[in-house]
Amino acid sequence: MPSSRQSLFARALSVLPVATLLAACPQAQAQVAASSAELADVAAASDRNIHQQALLEIAFARKLLAERQPEMACRLLKGSLPDANTEAERVRLLARCSSALREREAAEDYYRRAIALAPDDPSVKVELAGLYLAMGRSQDSSAMLSAAAGQSAGPERDQLESAAAQLRANDPAALAANAANKAKPWALQVYMGLTWDDNINAGPVSRSVPAVIGGIPVTFDLVADAMPHKSAGAAMGVNASYGIPLDGRFSLLFQGAWFGTGYFERQDYNNDTTTLAAALVYTDKAWAASIQPNVRYTRLDGHLQESTPGVTGRVARSVTDAVSLTATGGYARRTVHTDANRNADAWQGGLGALAQLTPQLQVGGEYLWQREQAEAAVYSRRLSGPSAYLQYRIHPDLLLGANLSYTDVRYDQAMALFAEPRTDRQTVVSLSALWDVSRYVGRNMVVRAQYTNIDNPSNIAYSDFRRNMFSLGVQMQF
């Protein structure tokens with residue numbers, strides 16, 4: 001071909017589309033089609049080989065984890081070839097081996113990736129809840145279990161919701177965690193039971209009360225109605241909360257609670273308490289904080305006794321995987337509708353610690369200070385003392401608890417007829433057991449038994465009392 005024609009042909013090749021050239025040359029078209037089919041076959045064979053290799057590596061990693069060789073399992077999985085069909089399981093196993101190596105932040109990241117890859121698998125969320133529990137992050141564990149319960153059905157759902165409710169700590173940050181983690185934003189708890197109280201009126205130990213009149217010691221004999229009264233009764237309580245996430249760290253939490261006791265023999269001591277609160281809650285991996293305006297109303301025999309609006313602040317900091325520290329502070333204005341002299345401003349502060357010693361054992365303690373400045377100085381007082389609690393799960397369905405508190409109470413001024421200001425040394429011991437019976441009744445139900453002893457020795461005999469309370473009932477979580 002002459003050079004001029006060659007150059008024209010070359011220019012034509014450079015500007016004509018490949019499809020046009022193939023259409024003009026059927027032989028070339030057939031060759032390209034054959035080559036594309038061969039390449040597709042090679043690619044498919046390569047994908048099958050990679051998938052088979054990934055399956056073998058995952059199986060071997062599971063074997064290494066079963067033989068307690070998490071370091072080798074992690075090394076194997078990190079060097080695996082990418083395979084879309086097995087990526088969720090590979091990341092999940094990486095989370096397990098990282099957790100076994102106590103690389104818990106890395107394990108949390110892997111679990112989060114596994115949840116993103118398999119959002120419909122509740123078992124991954126249950127595993128992450130177990131990691132949070134080992135890290136001492138009970139509120140995150142509770143929220144993750146609630147999320148898993150939302151994707152489950154039947155008895156499994158009831159058991160997960162029950163476990164989430166029992167892990168939920170009694171603070172706003174824990175209750176708001178469900179909403180912040182896109183779990184169910186609301187919670188409702190109902191309690192119904194029977195109670196026995198051997199001193200419903202906090203009557204004194206002794207009927208004789210020493211006093212002083214004009215500097216002369218005298219002794220009063222109390223009337224029979226002032227002495228301790230025993231009675232059985234029925235109790236009912238309702239707790240509700242609703243959380244609204246604002247962003248990744250802030251949430252709003254609304255709470256309401258009502259609890260009432262009616263006695264069979266002394267209806268004039270029937271009582272109930274209503275509490276309403278709203279909180280702004282901040283949470284991240286290490287910190288949790290809340291500020292909570294609240295109000296409480298107390299009634300006796302159908303008549304309003306006290307109303308107490310106030311505000312409470314709380315800060316918690318995780319210092320290790322298993323230990324967190326807390327600080328609380330607050331102010332309240334108590335109005336006593338039956339005696340204005342008892343109206344008081346109250347300031348409160350406290351420091352505490354919480355430790356998840358094992359997945360089954362949790363312990364905590366707090367030291368509390370409170371100052372109440374009443375309208376009448378004889379009712380102004382200072383309170384201080386420690387409290388401690390322990391929770392131990394001896395079986396997946398059985399949780400035991402123990403609480404102990406001691407409070408030193410000192411009044412500012414002596415009351416009429418008494419030579420010295422009142423001083424109390426109150427000790428409260430409480431034992432409880434929660435038995436999850438969801439697997440038997442088909443719903444989220446817990447049988448709750450509790451015994452409480454109050455010993456309140458006082459230098460004023462009229463205030464020196466002892467009290468024993470027993471209760472047995474069922475608690476349902478919705």
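Keep in mind that this is a model prediction, so the values were computed, not measured.
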Asks: If the condition is side-chain contact (heavy atoms from CB on, under 4.5 Å), which residues does P119 pass it with, not counting sequence neighbours?
Replies: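 With sequence neighbours excluded, P119 shows a side-chain contact (heavy atoms from CB on, under 4.5 Å) to no residue whatsoever.
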
Asks: Look at the side chain of S458 and the backbone N and O of A461, then say whether any donor-acceptor pair between them is shorter than 3.5 Å.
Replies: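 The answer is no, because no donor-acceptor pair under 3.5 Å joins these two groups.
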
Asks: So, do R96 and L93 sit near enough that their side-chain heavy atoms are less than 4.5 Å apart?
Replies: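 Side-chain contact under 4.5 Å: yes.
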
Asks: Is E105 atom CD crowded by more than 12 heavy atoms from other residues, nucleotides or ligands, each under 6.0 Å away?
Replies: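 Count not over threshold, so no.
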
Asks: Take a 6.0 Å sphere around OH of Y462 and say whether it holds more than 12 heavy atoms from other residues, nucleotides or ligands.
Replies: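 No.
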
Asks: With ring-ring contact (aromatic ring centres under 6.0 Å, His included) as the rule and sequence neighbours excluded, what pairs involving residues 387-424 come up?
Replies: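 Listed by first then second residue: nothing to list.
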
Asks: Salt bridge or not for D345 and R333, using N-O below 4.0 Å?
Replies: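 Looking at D345 and R333, the cut-off is met.
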
Asks: Hey, are the side chains of T261 and D272 touching, using non-hydrogen atoms and a 4.5 Å cut-off?
Replies: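 Answer no - side chains too far apart.
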
Asks: For atom CZ of R317, decide whether the heavy atoms of other residues, nucleotides or ligands shown that lie under 6.0 angstrom number more than 12.
Replies: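 It does: R317 CZ has more than 12 such atoms within range.
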
Asks: Could R467 and D197 be called an ion pair, given the rule that one side-chain N must be under 4.0 Å from one carboxylate O?
Replies: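 Here R467 pairs with D197 in a salt bridge, since their nearest N and O are under 4.0 Å apart.
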
Asks: Using side-chain hydrogen bond (donor to acceptor under 3.5 Å, both in side chains) as the criterion, point out the one residue from D198, N199, T452 that pairs with N468.
Replies: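 Single side-chain hydrogen bond (donor to acceptor under 3.5 Å, both in side chains) partner of N468 among D198, N199, T452: D198.
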
Asks: Will you find, in the side chains of E375 and N343, an N or O donor that is under 3.5 Å from an N or O acceptor?
Replies: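 Distance-only check fails for E375 and N343.
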
Asks: Would you indicate whether the side-chain heavy atoms of S387 and L368 approach each other to under 4.5 Å?
Replies: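 Of all side-chain heavy-atom pairs linking S387 with L368, none is under 4.5 Å.
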
Asks: Answer yes or no: is there a donor N or O on one side and an acceptor on the other, between the side chain of D339 and the main chain of N341, under 3.5 Å?
Replies: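 Yes, because the side chain of D339 sits within donor-acceptor range (under 3.5 Å) of the backbone of N341.
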
Asks: For G233, is there any backbone N or O sitting under 3.5 Å from a side-chain donor or acceptor partner on T195?
Replies: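 No.
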
Asks: Does a side-chain heavy-atom distance below 4.5 Å link Y110 with C97?
Replies: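 They are not in side-chain contact.
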
Asks: Ignoring hydrogens and angles, tell me if any N or O in the side chain of N456 forms a donor-acceptor pair with the backbone of R425 under 3.5 Å.
Replies: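 Here the side-chain-to-backbone pair does not exist.
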
Asks: To the nearest 0.5 angstrom, please state how far the CZ atom of R410 sits from the CG atom of D408.
Replies: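 Nearest 0.5 Å value for the CZ-CG distance: 4.5 Å.
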
Asks: Do Q370 and S384 meet the criterion of a side-chain donor-acceptor pair at a distance under 3.5 Å?
Replies: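 No.
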
Asks: Consider only side-chain N and O atoms of Y111 and D109, and report whether a donor and an acceptor are under 3.5 Å apart.
Replies: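 Side-chain D/A pair, Y111 to D109: absent.
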
Asks: Measuring from atom OG of S430 to atom CG of L404, what distance do you get when rounded to the nearest 0.5 angstrom?
Replies: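 If we round to the nearest 0.5 Å, S430:OG and L404:CG are 10.0 Å apart.
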
Asks: Side-chain atoms of residues 301-311: list all donor-acceptor pairs with protein atoms under 3.5 Å, sequence neighbours left out, distances to 0.1 Å.
Replies:
| from | atom 1 | to | atom 2 | distance (Å) |
| --- | --- | --- | --- | --- |
| Q305 | NE2 | H303 | O | 3.4 |
| S307 | OG | H337 | NE2 | 2.9 |

Asks: Measure from the ring center of W186 to the ring center of Y242 and say whether it is less than 6.0 Å.
Replies: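 No, the ring centres sit 6.0 Å or more apart.
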
Asks: Less than 4.0 Å between a side-chain N and a carboxylate O, is that true for D247 and R249?
Replies: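 Answer for the salt bridge query: no.
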
Asks: With a 4.5 Å cut-off on side-chain heavy atoms, are T312 and N294 touching?
Replies: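 Yes, their side chains come closer than 4.5 Å.
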
Asks: Charged N to carboxylate O below 4.0 Å: is that the case for E372 and R382?
Replies: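 Looking at R382 together with E372, the answer is no, because their closest N to O distance does not fall below 4.0 Å.
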
Asks: Is the closest basic N to carboxylate O distance between R371 and D412 below 4.0 Å?
Replies: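 Salt bridge present between R371 and D412.
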
Asks: Is N271 close to T298 at the side-chain level, that is, under 4.5 Å between some pair of heavy atoms?
Replies: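 A side-chain contact is absent here, since even the closest heavy-atom pair is not under 4.5 Å.
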
Asks: Determine, using ring centers only, whether Y451 and F470 are less than 6.0 Å apart.
Replies: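 Yes, the ring centres sit under 6.0 Å apart.
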
Asks: Taking atom CG of L280 as the centre, report whether more than 12 heavy atoms of other residues, nucleotides or ligands fall under 6.0 Å from it.
Replies: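 Check passes, neighbour count above 12.
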
Asks: Among side-chain atoms of Q391 and R393, is any donor-acceptor pair under 3.5 angstrom?
Replies: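 Per modelled atom types, Q391 and R393 side chains form no pair under 3.5 Å.
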
Asks: What do the steps show when you test D121 against R92 for salt bridge (charged side-chain N to carboxylate O under 4.0 Å, His left out), and what is the final call?
Replies: CA-CA 11 Å; D121 186 354; R92 184 178 189 174; 3.3 Å; yes

Asks: Using a 3.5 Å distance criterion without hydrogens, assess whether the side chain of S98 forms a donor-acceptor pair with backbone atoms of L94.
Replies: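 Answer holds: yes.
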
Asks: Are side-chain heavy atoms of R112 and L128 found at a separation under 4.5 Å?
Replies: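 Yes; the side chains approach each other to less than 4.5 Å.
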
